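All values derive from a computational prediction rather than experimental measurement. Count residues from 1 along the sequence.
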Amino acid sequence: VAQKLQELIAVNRRDPDPLYILSWLHFKIGRLGAVKKIGASLLYGGLPKDMSQMEAIALMKRSIALKPDYLVYHYDLGHFYQKAGQTEEARTMFQKVAAMTPHLPEEILYKDFAECRLRGIAGDAARNGYKCR
C-alpha cells in the first residue's frame, strides 16, 4: 500500500489525497508498540518499515500546502499533534480550524470537532478533547 501511494504521489505531485492517505498510514503504524509490531510480523509477514508519527505530520503539512482551504486536513494535523503529546501545536491547529469558514458539509462537522477538542484541551472534563472525534 505504501509503495502504491508513493507511486501515485510521484505521478501527480499536485494531488493532496495520496499524501493525506500516506500520512494516516504513517500515523497509525507509527503509533504501534513493539509488541503489536512483532505480532503483525508473525501474523501478516510484517508492516511497512520506517513509519513514524513525525513523518505523518510532515506529510499532512504537504497535503495542507496543496489544498490550504480544506479544513479537514488542518483538523487531522491537530489530531496528530494531540496524539503525539504536542498540545500547543494541536491547540494552534484546532483554533485555526475553528476560525476557518467551512465550504463542504464534512467541514462543518470537523469545525465542530475542533471546537470540542479545544474545550477538552482547556480542561472541560465534560467534553474531553479525545472523545470528540
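For the residue pair Asp76/Tyr110, the side-chain donor-acceptor check at 3.5 Å is not satisfied. Looking at Tyr81 and Gln53, their side chains never bring a donor and an acceptor atom within 3.5 Å of each other.
Annotation: the span from Leu104 atom CG to Glu107 atom CD amounts to 4.5 Å, rounded to 0.5 Å. Rounded to the nearest 0.5 angstrom, Leu77 CG and Thr92 OG1 are separated by 10.0 Å. With values rounded to the nearest 0.5 angstrom, Met93 atom CE is found 13.0 Å from Tyr73 atom OH. Taking OG of Ser23 as the reference point, atom CZ of Arg62 lies at 10.5 Å (rounded to 0.5 Å). The line from NZ of Lys83 to CD1 of Ile57 is 13.5 Å long, rounded to the nearest 0.5 Å. Rounding to the nearest 0.5 Å places CE of Met51 at 15.5 Å from CZ of Arg31.
Residues that satisfy the side chain to side chain contact (heavy atoms under 4.5 Å, CB included) test with Gln95, not counting sequence neighbours, are Arg91, Leu118.
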List the steps, then state whether side-chain contact (heavy atoms from CB on, under 4.5 Å) holds for Leu8 with Asp15.
CA-CA 9 Å; Leu8 284 172; Asp15 185 358; over 6 Å; no
Hey, mind stepping through Phe27 and Met60 against side-chain contact (heavy atoms from CB on, under 4.5 Å) and telling me if it holds?
CA-CA 10 Å; Phe27 181 73; Met60 190 63 71; over 6 Å; no
side-chain contact (heavy atoms from CB on, under 4.5 Å) between Phe113 and His79: does it pass, once the steps are laid out?
CA-CA 10 Å; Phe113 296 153; His79 173 77; over 6 Å; no
Test log, rule side-chain contact (heavy atoms from CB on, under 4.5 Å), inputs Phe80 and Glu89:
CA-CA 10 Å; Phe80 288 0; Glu89 291 86 349; over 6 Å; no
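Looking only at distances, no side-chain donor or acceptor of His26 sits under 3.5 Å from a matching main-chain atom of Ile21. Of the possible polar contacts, none joining the Gln82 side chain to the Thr87 backbone as a donor-acceptor pair under 3.5 Å is found. Side chain of Ser52 to backbone of Gly30: no donor-acceptor contact under 3.5 angstrom is found. Looking at Lys111, its side chain does come within 3.5 Å of a backbone N or O of Ala98 through a donor-acceptor pair.
For the residue pair Ala90 and Gly78, the shortest heavy atom distance occurs at CB-O, 3.5 Å. Of all non-hydrogen atoms in Met100 and Pro68, the two that sit nearest each other are CE-O, 3.8 Å.
Note on residues 84-103: pairs passing ring-ring contact (aromatic ring centres under 6.0 Å, His included), not counting sequence neighbours, are Tyr75-Phe94.
The 12-atom threshold is not exceeded at CG of Asp50, counting heavy atoms of other residues, nucleotides or ligands nearer than 6.0 Å. Atom NZ of Lys96 has 12 or fewer neighbouring heavy atoms from other residues, nucleotides or ligands inside a 6.0 Å radius.
Leu71 is not connected to Ile108 by any chain of hydrophobic side-chain contacts under 4.5 Å among Ile, Leu, Val, Met, Phe, Trp and Tyr, and they are in different clusters.
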